[in-house]
K.L.:
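Below: one structure in structure tokens.
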Protein chains: 2
Amino acid sequence: MNLKQLAKELNLSISTVSKALDDSHEISEKTKSKVLEAASKHNYTPNPYASGLRKKRSNTIGVIIPEVADNFFSLAINGIQSIAENKGYHLLIYLSHDKYENERRIVEDCANGRVDGVLISISAETISAEHLLRLQKENVPLVFFDRALDDFEAAKVLTNDFESGYLSAKHLIENGCKRPMFLSFSECLTMCENRANGFLAALDDFKISSNEIVPIMYCSRKEEESYKQIQDLCNSNDRPDGIVASVEKLAMQLYLVCQDSAVSIPNDLKVVAFSTVEIAPILNPSLTTITQSAFEMGRVAAENLFKGIESKNFNLNQQVVVIPSKLIKRQSTSRYK
Amino acid sequence: MNLKQLAKELNLSISTVSKALDDSHEISEKTKSKVLEAASKHNYTPNPYASGLRKKRSNTIGVIIPEVADNFFSLAINGIQSIAENKGYHLLIYLSHDKYENERRIVEDCANGRVDGVLISISAETISAEHLLRLQKENVPLVFFDRALDDFEAAKVLTNDFESGYLSAKHLIENGCKRPMFLSFSECLTMCENRANGFLAALDDFKISSNEIVPIMYCSRKEEESYKQIQDLCNSNDRPDGIVASVEKLAMQLYLVCQDSAVSIPNDLKVVAFSTVEIAPILNPSLTTITQSAFEMGRVAAENLFKGIESKNFNLNQQVVVIPSKLIKRQSTSRYK
DNA sequence: ATTATTTGCGAAACCGATTTCGTAATTTTA
DNA sequence: TAAAATTACGAAATCGGTTTCGCAAATAAT
């Protein structure tokens with residue numbers, strides 16, 4: 001069923017039917033109701049490709065994330081979806097799997113009118129904004145969330161990574177750690193570096209000397225490799241007595257290693273993790289977390305994106321929002337078990 | 001940049017350029033290479049809405065799931081995406097939040113040509129296939145995965161729910177449980193009922209009498225309510241000594257309740273959960289699971305959907321695949337702690 | 001009563017591709 | 001060498017809507 005058939009059945013012109021469905025003031029109420037009735041009888045809805053082509057609007061936004069099987073990102077998608085649903089927008093989800101080349105290809109795909117805007121959390125390999133320039137050239141609004149490019153002017157929704165890094169180190173030190181260490185997920189990600197720098201700043205402030213080595217371990221992004229790294233760390237002679245895991249995945253691996261290697265948390269090792277996992281309380285032992293407002297970050301990112309989509313004279317690129325994370329203390333950092 | 005501009009720049013007709021980009025045999029190699037060069041110089045890609053309209057193909061599939069913040073579904077999405085990426089397809093993700101009305105609206109949205117096919121895991125409220133008939137009428141291929149409608153002929157990718165339910169009860173009984181109970185997520189979902197029926201069959205086979213009451217608790221889908229239900233169950237006089245959680249979420253709540261109520265797993269209560277959660281080993285205590293092959297289920301569902309999309313004389317609706325789940329024994333069901 | 005405005009609708013252009021069909025030039029076949 | 005077939009391309013129709021513009025009839029203003 002399309003407009004032409006509907007028009008024929010109603011003995012009206014195509015344009016009249018189209019305008020009636022659009023509730024145009026040009027059409028009389030009587031005609032409108034006749035049209036609406038016929039349309040609903042036939043379950044008519046406009047073909048999205050025809051209408052998208054003519055209106056140059058897709059009612060679709062692209063969401064580019066590294067992974068979907070990750071608490072933070074799936075919660076963020078929920079936040080994004082809650083806004084998109086209200087606006088009658090559709091969500092195209094793309095996974096970069098933390099590879100720059102995938103991300104580049106995806107962005108390319110988003111630049112040809114398929115979507116009205118893009119929400120992105122960049123891959124751990126992304127260091128240049130070259131691929132994103134294309135979006136700007138095509139006037140596709142863009143909002144970063146969580147993982148952004150530092151030197152690229154664009155709308156962003158971030159969390160207070162530096163402060164949280166600082167706070168996590170402070171918390172470990174205050175609970176007796178003398179040799180805390182930071183497990184970084186990527187040296188490319190500003191997000192990760194900010195957390196690490198906050199961590200280092202706290203060590204400095206609290207006079208935890210780190211003359212010889214920088215207490216940061218850069219973990220591989222391959223699961224088996226990072227597991228091995230963490231295993232070696234936990235079994236080495238100078239095992240740290242406190243660890244901050246920069247992302248959830250590393251904390252989970254750390255727990256697994258400690259269980260296998262009979263390292264006792266928090267007695268031998270205290271752990272803080274950046275994580276949104278709702279089961280932190282029922283881990284063994286319960287996990288102290290820096291918890292981001294993932295849903296809220298997704299929600300705000302989507303809200304700002306829609307502002308950018310809907311009003312051309314809204315300076316989207318100036319919008320940088322910081323949504324603070326919270327330290328939630330649990331047993332993995334308690335002084336005594 | 002569009003075809004018209006490109007054609008003008010090359011002094012060729014629009015149709016020639018279009019055919020050259022399509023590598024048509026009608027066009028000479030010399031012309032093709034000129035066209036390709038100019039196209040790549042300008043980063044030209046065809047407008048998806050124009051091409052979708054004309055070709056009546058969207059290169060997009062719709063994925064309708066209850067939730068994304070759920071291990072099973074996010075892993076399934078990974079499986080789906082792995083296939084879609086190969087085929088150059090895009091993924092529209094829709095969340096029903098386990099509400100029938102949402103699902104109905106979403107399916108409606110998928111029936112007007114927006115997608116070339118649909119993968120669905122139905123909401124916990126869905127009992128009728130009325131909304132899905134629309135898809136069949138419009139010839140939109142459909143594949144269920146995990147949660148399907150029993151009395152509706154369509155392609156499905158399922159797991160062995162009955163056997164797994166049986167196995168979980170058997171496992172509890174063999175480890176000493178005398179009064180096991182099944183926590184059901186929904187009495188509408190065939191998936192859930194199959195698990196429950198398998199559970200009951202084992203009780204029967206092992207002569208666990210349940211004369212008075214059926215050992216199944218139907219939990220609310222509202223988190224606070226189900227928490228309260230589980231709390232009441234664990235604090236009641238006739239607390240069961242074994243529990244099978246039909247979905248992951250209920251197992252997590254059960255763990256929380258037990259921790260708050262000082263019920264010791266596995267001493268006071270043994271627990272098996274249908275769950276894909278990769279952190280089951282590091283829970284307190286580690287959780288015995290019936291683990292579905294979520295990625296694989298998504299992958300196979302997508303593969304079959306594409307067969308249905310690509311060849312019209314492939315009888316998609318006959319395709320019912322069962323991918324078995326595995327019982328992984330851990331401490332939550334061990335006989336002695 | 002005449003002119004101006006508003007109302008309600010239809011014809012046709014348009015969005016940007018794909019695809020059918022026609023045709024001149026070239027090559028092959030008889 | 002004439003007829004047939006092939007090659008390489010362009011004109012135009014088409015997909016299914018939206019939007020601009022024109023116009024007759026009805027209503028309002030002068």
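Just so it is clear, the structure is predicted and the values come from calculations on it, not from any experiment. Reminder, nothing fancy here: chain letters follow the sequence lines and each chain counts from 1.
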K.L.:
For a quick check under 3.5 Å, do A:H97 and B:Q81 share a side-chain donor-acceptor pair by atom type?
P.N.:
yes
K.L.:
So, does A:S13 get its side chain near the phosphate of C:dG10, meaning an N or O under 4.0 Å from OP1 or OP2?
P.N.:
yes
K.L.:
I need a per-nucleotide contact map over nucleotides 23-29 of chain C, read 5' to 3'. Cutoff is protein heavy atoms under 4.0 Å; write B for the base, S for backbone only, - otherwise.
P.N.:
-------
K.L.:
Can you list, by residue number, the residues of residues 36-49 of chain A that have a non-hydrogen atom closer than 4.0 angstrom to DNA chain D?
P.N.:
A:Y44, A:P46, A:N47
K.L.:
Give a yes or no on whether a salt bridge exists between A:E103 and A:K99, defined as a side-chain N under 4.0 angstrom from a carboxylate O.
P.N.:
no
K.L.:
Between the axis at one end of the helix from C:dA1-D:dT30 to C:dA30-D:dT1 and the axis at the other (five pairs apiece), what's the angle to 10 degrees?
P.N.:
40°
K.L.:
Salt-bridged, A:R105 to A:E108, with N to O below 4.0 Å?
P.N.:
no
K.L.:
Do other residues, nucleotides or ligands put more than 12 heavy atoms under 6.0 Å from B:I127 CD1?
P.N.:
no
K.L.:
Please list all pairs passing the salt bridge (charged side-chain N to carboxylate O under 4.0 Å, His left out) test where one or both residues lie in residues 44-66 of chain B, with sequence neighbours left out.
P.N.:
none
K.L.:
Taking NZ from A:K4 and P from C:dA11, how many angstroms apart are they, rounded to a whole number?
P.N.:
13 Å
K.L.:
Just wondering, are more than 12 heavy atoms of other shown residues or ligands nearer than 6.0 Å to CD in A:E130?
P.N.:
no
K.L.:
Between A:R54 (CZ) and C:dA17 (C1'), how many Å, whole number?
P.N.:
15 Å
K.L.:
Which residues pass the side chain to side chain donor-acceptor pair (under 3.5 Å) test with B:S186, sequence neighbours left out?
P.N.:
none
K.L.:
Sequence neighbours excluded, which residues qualify as side chain to side chain donor-acceptor pair (under 3.5 Å) partners of B:E310?
P.N.:
B:K87
K.L.:
What are the bounds, 5' to 3', of the part of DNA chain D that sits under 4.0 Å from heavy atoms of chain B?
P.N.:
D:dA8 to D:dG16
K.L.:
Scan side-chain atoms only and decide if B:S15 and B:S18 contain a donor-acceptor pair under the 3.5 Å cut-off.
P.N.:
no
K.L.:
Would you kindly give the CZ-to-C1' distance between B:R57 and C:dT19, to the nearest whole Å?
P.N.:
14 Å
K.L.:
Not counting sequence neighbours, which residues clear side chain to side chain contact (heavy atoms under 4.5 Å, CB included) with A:E101? List them please.
P.N.:
A:R104
K.L.:
Holding to side chain to side chain donor-acceptor pair (under 3.5 Å), I want the full list of residues that pass it with A:Y94, two or more places apart in sequence or in another chain.
P.N.:
B:H90
K.L.:
Please give, in whole Å, the distance from C:dT18 C1' to A:L53 CG?
P.N.:
12 Å
K.L.:
In this structure, how many angstroms lie between the C1' atom of C:dG16 and the CZ atom of A:R114, rounded?
P.N.:
14 Å
K.L.:
Who pairs with A:T159 by side chain to side chain donor-acceptor pair (under 3.5 Å), at least two apart in sequence or on another chain?
P.N.:
A:S325
K.L.:
Find out whether A:L158 and A:M191 are in side-chain contact, i.e. whether some heavy atom of one side chain is under 4.5 Å from a heavy atom of the other.
P.N.:
no
K.L.:
Can you tell me the distance, in whole Å, between the CG atom of B:L3 and the C1' atom of C:dC15?
P.N.:
13 Å
K.L.:
For residues 32-48 of chain A, pull every pair meeting salt bridge (charged side-chain N to carboxylate O under 4.0 Å, His left out), keeping only residues two or more places apart or in separate chains.
P.N.:
A:E9-A:K41, A:D23-A:K32, A:E29-A:K32
K.L.:
Contacts to DNA chain C from residues 17-30 of chain A, heavy-atom cutoff under 4.0 Å, which residues?
P.N.:
A:K19, A:E26, A:I27, A:S28
K.L.:
Is a donor from one side chain sitting under 3.5 angstrom from an acceptor on the other, for A:S96 and A:N102?
P.N.:
no
K.L.:
Start at the 5' end of DNA chain D and walk down; is the nucleotide closest to B:T31 or to B:K55 reached first?
P.N.:
B:T31
K.L.:
Could you tell me whether A:T16 contacts a base, only the sugar-phosphate backbone, or nothing, with contacts defined as non-hydrogen atoms closer than 4.0 Å?
P.N.:
base
K.L.:
Classify B:L12 by what it touches in the nucleic acid, base, sugar-phosphate, or nothing, heavy-atom distance under 4.0 Å.
P.N.:
sugar-phosphate
K.L.:
List the atom of B:L316, the atom of B:P141, and the distance in Å for their closest heavy-atom pair.
P.N.:
CD2-CB, 3.7 Å
